S.K.: 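Before I ask anything, let me first share the structure, which is written out below as structure tokens.
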Amino acid sequence: MRLSRYFLPVLKENPAEAQIVSHRYMLRAGMIKQASAGIYSWLPMGYKVLRRIEQIVHEEQARAGHLALLMPTIQSADLWRESGRYDAYGEEMLRIKDRGGRDMLFSPTAEELITDIFRAHVGSYKDLPLTLYQIQWKFRDETRPRFGVMRGREFLMKDGYNFDVDKDAALHAYNRHMVSYLRTYERMGLTAIPMRADSGPIGGDDTHEFLVLASTGESEVFYDEAVTQLKLGHRDIDYTDRAQVAAVCKEFTTLYARTDETHDPAIYERDVPAERRKVGRGIEVGQIFYFGTKYSEPMGATVQTASGEKVPVHMGSHGIGVSRLLGAIIEASHDDKGIIWPEGVTPFHCGIVNLKQGDAEADAACEAIYAALTALGLDPLYDDRDARAGEKFATMDLIGLPWRITVGPRGLKNGVVELTSRRTGESEELPPEQAVARIAEIYKGI
RNA sequence: CGGGGCGUAGCGCAGCCUGGUAGCGCAUCUGCUUUGGGAGCAGAGGGCCGGAGGUUCGAAUCCUCUCGCCCCGACCA
């Protein structure tokens, strides 16, 4: 993409309403525009990152054997009356009447609808296990939306639902989700720690929240410092292997890590050596639940077992806050100049800064680098504006592309361009072809 | 939902107390000069001051109502 042809309305000054860094930078980098309280338009660059995050979520869900589908945002109240949640959910649910006076709602979550789909089409234990998920907009009419996309009223969420024949199988689904989530967050450059949590209105016995440590987080967290060192890495995982998946979960949930809701000082002090006890704040970027037959029983979602008996299926639900992740990633990765995108989610793989637009040699060198990167399947952003170097650098720093190739007459005289890491600020001079090769190398396998 | 605050040009703000026909910086457009970290000079365009009533000869400014947004707290898969 050429910046002169792109829509990137960057702001030089901080918008008054933005209090936290991710909100400020998302507005300043031209990623979002507020439409009303807690509701945002996603401008091209914000939308690009959003889609990138979605894609990672999809890929990791597919790897775990889960199936994508899409359910409507507007749902009939009838199903919600059946589960009893139409009255129980409260003011957070946006209620609407259609022209026929029928009660409708904007879905805050989809247990009812997915259960309805399941009971209509599945009747045998042979069809299990089954895990269906979607990435769809949700609406929760929060009394006080804030922090930009971190706590909006409308937000994009991945919500998944597993259906299993018994509790053991459902707990395997739970574990499978935990592992797939760990991998998902790691690919985005995040350290998200699973913490034992409260089940809240969804109900159920087992639930973990995934927290990204950040000083602006809404939850207070207590943890063993060693938990932040755990890494899934590229290890091979067979998601159908119950023992292997359970072992990974054990590895990641044995060390103490809890939110203030479930924090137990006695256990904390008993199990965590004093020098490793950490108290901080975290951003909740996902949660997984096992809730058994809470919805399948009242809604009649049953399967026949091998012995011909009809039993309610065991279910769980699993969410990732996709739009919130943008905020969380920025909170976890920025400096005083702007965003620093991890390679896994960056909107463009690298920036090309032409220091002297209009100079025949510099223009030609930039075009050649642009073409070479594009030919390799990479997506560069070429700042071809007729602007001064300082402005181009400031823009690149703000929007946070992890790598920058700087091209100017001075370097070209010696046959070199500059390759700069946004994260470390370190620069290296090398011939254009080598710079291109280095970028290609960096993104191999990401 | 309780408490506090703010709506004036695309963004950031001043003017309001003490009514007299709207201003600054950045951005935008034109021209010239510049060109390795948000350039300089000269010129130009852009706002019925959130909305509706009221007081007044006259309202951005005073009064009433209303809408929107932000902050702290409560709330929150």
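Sequence lines set the chain letters: A, B, ... in the order given, protein chains first and strands last, and positions in each chain run from 1. Note that this is a predicted model, so its numbers are computed, not measured. Any value given below was found using the heavy atoms of this structure, including those in side chains, with hydrogens, waters and symmetry copies removed.
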S.K.: Need the pair for B/C24. Rule: Watson-Crick or G-U wobble, both distances under 3.5 Å, any strand; none if unpaired.
M.R.: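 Partner of B/C24: B/G12.
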S.K.: Using a distance-only criterion (donor-acceptor N/O pair, under 3.5 Å, no hydrogens), is the base of B/G37 paired with the side chain of A/Glu391?
M.R.: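 It does not, because no donor-acceptor pair links the side chain of A/Glu391 to the base of B/G37 below 3.5 Å.
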S.K.: B/C75 base to A/Arg151 side chain: any donor-acceptor pair below 3.5 Å?
M.R.: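 Answer yes: a donor N or O sits under 3.5 Å from an acceptor.
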S.K.: Provide the distance between the two C1' atoms, one in B/C26 and one in B/G46, to the nearest whole Å.
M.R.: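 Nearest-Å result for B/C26 against B/G46 at atom C1': 14 Å.
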S.K.: Ignoring hydrogens and angles, answer whether the base of B/A74 and the side-chain atoms of A/Thr143 contain a donor-acceptor pair closer than 3.5 Å.
M.R.: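 It does, because a donor-acceptor pair links the side chain of A/Thr143 to the base of B/A74 below 3.5 Å.
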S.K.: In the strands shown, is B/G2 matched to any nucleotide by a Watson-Crick or G-U wobble pair with both distances under 3.5 Å, and which?
M.R.: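 Across all strands, the one nucleotide that pairs with B/G2 is B/C72.
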S.K.: If you check the A/Arg144 side chain, which of B/C72, B/A27, B/G36 turns out closest?
M.R.: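 Nucleotide nearest to A/Arg144's side chain: B/C72.
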S.K.: On the nucleotide B/G38, are OP1 or OP2 found under 4.0 Å from the side-chain N or O atoms that A/Lys12 carries?
M.R.: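 No, outside the criterion.
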S.K.: Any Lys/Arg nitrogen of A/Arg2 or A/Glu367 sitting under 4.0 Å from an Asp/Glu carboxylate oxygen of the other?
M.R.: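 Yes.
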S.K.: I want to verify a distance call: between B/C26, B/G36, B/C75, whose nearest atom is closest to the A/Arg146 side chain?
M.R.: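 Of B/C26, B/G36, B/C75, B/C75 is nearest to the side chain of A/Arg146.
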S.K.: Send over the distance from A/Gln19 CD to B/G5 P, rounded to a whole Å.
M.R.: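 Value for this atom pair: 16 Å.
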S.K.: Measure from NZ or CZ of A/Arg258 to the centre of the six-membered ring of A/Phe222 and say whether it is under 6.0 Å with the direction within 45° of the ring axis.
M.R.: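 Negative - A/Arg258 is either too far from the ring of A/Phe222 or too far off its axis.
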